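Remember, it's a predicted structure, so these values are computed and weren't measured experimentally. Throughout, numbering of the chain's residues begins at 1 and tracks the sequence.
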Amino acid sequence: MEEFKRGGGPLLAAVIGTLCGLFTATNYTQGFFVGPVTAEFGWDAGQFFLSYTVLMLAGIVTGPVVGSMVEKWGARRLAILGLIGHATGYILLSFNSGSLLLWYLSFFLLAMLAAGSLPITWTKVINSWFVENRGKAIGIVMSGTGIGAFLLPPIVEFVISNYGWRMGYRVIGIGSLLFSLPFVLAFFRERQGPSDTDASDSQQQTAQLWGVTVSEAIRNKKFWILGAVLFLTAFVLVGLLSNFERILSAEGLERSQIATLAAALGATVIFGRLLIGALVDRFWAPGVAMIFFTLPMVGILLLLNMEITYSSAFFIAIAIGLAAGAELDLLAYLTSRYFGTAHYAAIFGRVFVFFTVGAGLAPPIFGGAAASMGGYGQILVISIVILIICQGLFLALGRYPTTISPTVSKA
């Protein structure tokens, strides 16, 4: 466990950065704002949540740009700028006076300002500290999103209930910055080259130096296979998560029961991230992914074919949570294993586009399908078909490439 001793500081900073970054705050707090905001401005829920689609689709721009900037400027600098931008963006949201266009533009601006706080930045540094335990380390970093699922909702709900939704956005922005920035300033930095006298370190440095260039990665069919599977899994899982409350409400569960199930789902996300990290260090990652993404298929089949009780809904929440916990970890890990770490951030930024597009399109498509088709049945059947296709795509990734040389060219 020598890697954890040496890389413990950067790992802690990366966990807190992920907890306080763009994805976590947005994914786990927006549901608390929809009621107060729409009540004040007269919008409907669909208009409000379209902002999430805007935010995610901005990843088409921010993913590649941040990946390239991390390579040029360094992850530490981008992380600091991203956290400051994250706070600024949330504060700006609180000043909206009822303009829907300005609302969407504000979320686009938030995506741009906070882009340095995306997982691209945090996992870039972790790759420099961890080789043998990279999967575990990435899993620990990404568990920051699950921690946010526990901590943020009650805090945000308390602030909104007592001080209003505008103060809620300000607390998210300022609070996240004040909590995360000291850790990032103190501990978040890439590892420097190891001592020439340490054979183990030299071997690790060789592994860290290996990697294809961005242009080589894009010409590789595995880049597009990985992108396709991430787009499809993000579409299904984010669609299920964003519509979780409505799906279970349609099955007759009460809001209090659904809230408890949502908390269980959040806990499962943390467990799923840690478990997937441990497993991919020991087993072929696409094979592990196939097992994890079978679970939501089982959950969907239960929704389609049996009367849903609290107990069966609990199992469905666990199944979805485990798969959701696996996805971002696999995105980071598979990118490093198939394309190396020498230009990891730049390549990851481009792979990340597939994830953001799938995640951005899912909520309105799932919701629209339910409204036009009289329920979620047909979109859930389509989701099963998509996950079956993903099983074949995971197999198509094949073996990991062999690290044959520590010498690489610049992207």
Side-chain angles (χ1 to χ4, degrees), residues 1-18 70-71 75-76 119-146 187-212 217 222 226 270-292 325-348 351 394 397-408:
M1 304 298 283
E2 188 65 27
E3 286 183 329
F4 285 98
K5 293 180 181 178
R6 289 184 299 205
L11 182 61
L12 173 63
V15 171
I16 293 174
T18 302
V70 166
E71 298 288 347
R76 175 182 167 86
I120 300 166
T121 306
W122 310 116
T123 55
K124 164 65 174 176
V125 166
I126 295 307
N127 278 326
S128 72
W129 287 95
F130 295 87
V131 177
E132 294 179 1
N133 297 288
R134 182 175 295 155
K136 297 185 188 71
I138 291 175
I140 292 170
V141 169
M142 299 311 302
S143 69
T145 60
F187 302 117
F188 192 67
R189 53 181 52 85
E190 292 188 60
R191 187 185 179 197
Q192 302 301 311
S195 169
D196 294 336
T197 61
D198 191 323
S200 175
D201 274 1
S202 296
Q203 291 174 359
Q204 289 193 6
Q205 182 72 352
T206 297
Q208 291 164 2
L209 285 173
W210 175 79
V212 302
K222 292 185 179 181
L226 180 58
I270 299 176
F271 180 74
R273 295 205 187 287
L274 298 176
L275 180 59
I276 197 76
L279 290 175
V280 296
D281 280 334
R282 296 175 57 86
F283 306 103
W284 184 54
V288 175
M290 291 175 65
I291 296 172
F292 270 74
E327 188 171 38
L328 278 177
D329 303 54
L330 286 167
L331 169 59
Y333 186 83
L334 290 172
T335 300
S336 68
R337 287 307 303 261
Y338 282 101
F339 305 109
T341 57
H343 304 296
Y344 166 82
I347 296 171
F348 188 21
V351 175
F394 280 121
L397 285 170
R399 296 180 177 180
Y400 300 136
T402 303
T403 304
I404 57 175
S405 172
T407 304
V408 292

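Between G135 and D281, the closest heavy-atom pair is N-OD1, 2.9 Å. The minimum heavy-atom distance linking A75 with T121 is given by the pair O-CG2, 3.2 Å. In terms of heavy atoms, A217 sits closest to F339 at CB-CD2, 3.9 Å. Taking all atoms of both residues into account, the shortest heavy-atom contact from W129 to G7 is CE3-CA, 3.7 Å. Taking every heavy atom of both residues into account, F394 and M290 meet most closely at CB-CG, 3.7 Å.
Of the inter-residue distances, the one linking I270 atom CD1 with I140 atom CD1 reads 12.5 Å to the nearest 0.5 angstrom.
A donor-acceptor pair under 3.5 Å links the side-chain atoms of Y400 to the main chain of A285, judged by distance alone. Between the side chain of W122 and the backbone N or O of A13 there is no donor-acceptor pair closer than 3.5 Å. Side chain of S128 to backbone of R191: a donor-acceptor contact under 3.5 angstrom is found. With hydrogens and angles ignored, the 3.5 Å screen pairs a side-chain donor or acceptor of K222 with a backbone N or O of L397. A donor-acceptor pair is defined here as one N or O able to donate and one able to accept, closer than 3.5 Å; such a pair exists between the side chain of R76 and the backbone of F188.
Tested against L11, the residues V141, N133, I138, V125 include a single side chain to side chain contact (heavy atoms under 4.5 Å, CB included) partner, V141.
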| message | Pair L331, F348 - check side chain to side chain contact (heavy atoms under 4.5 Å, CB included), show working. | response | CA-CA 8 Å; L331 169 59; F348 188 21; 3.1 Å; yes
| field | Derivation and outcome, side chain to side chain contact (heavy atoms under 4.5 Å, CB included), residues E3 and R134 | value | CA-CA 9 Å; E3 286 183 329; R134 182 175 295 155; over 6 Å; no
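I276 has its side chain out of reach of Y333: every pair of non-hydrogen atoms, C-beta onward, lies at least 4.5 Å apart. Residues P286 and Y338 are in side-chain contact: their nearest non-hydrogen atoms beyond the backbone lie under 4.5 Å apart. Side-chain contact between V288 and L330 is absent, with no heavy-atom pair separated by less than 4.5 Å.
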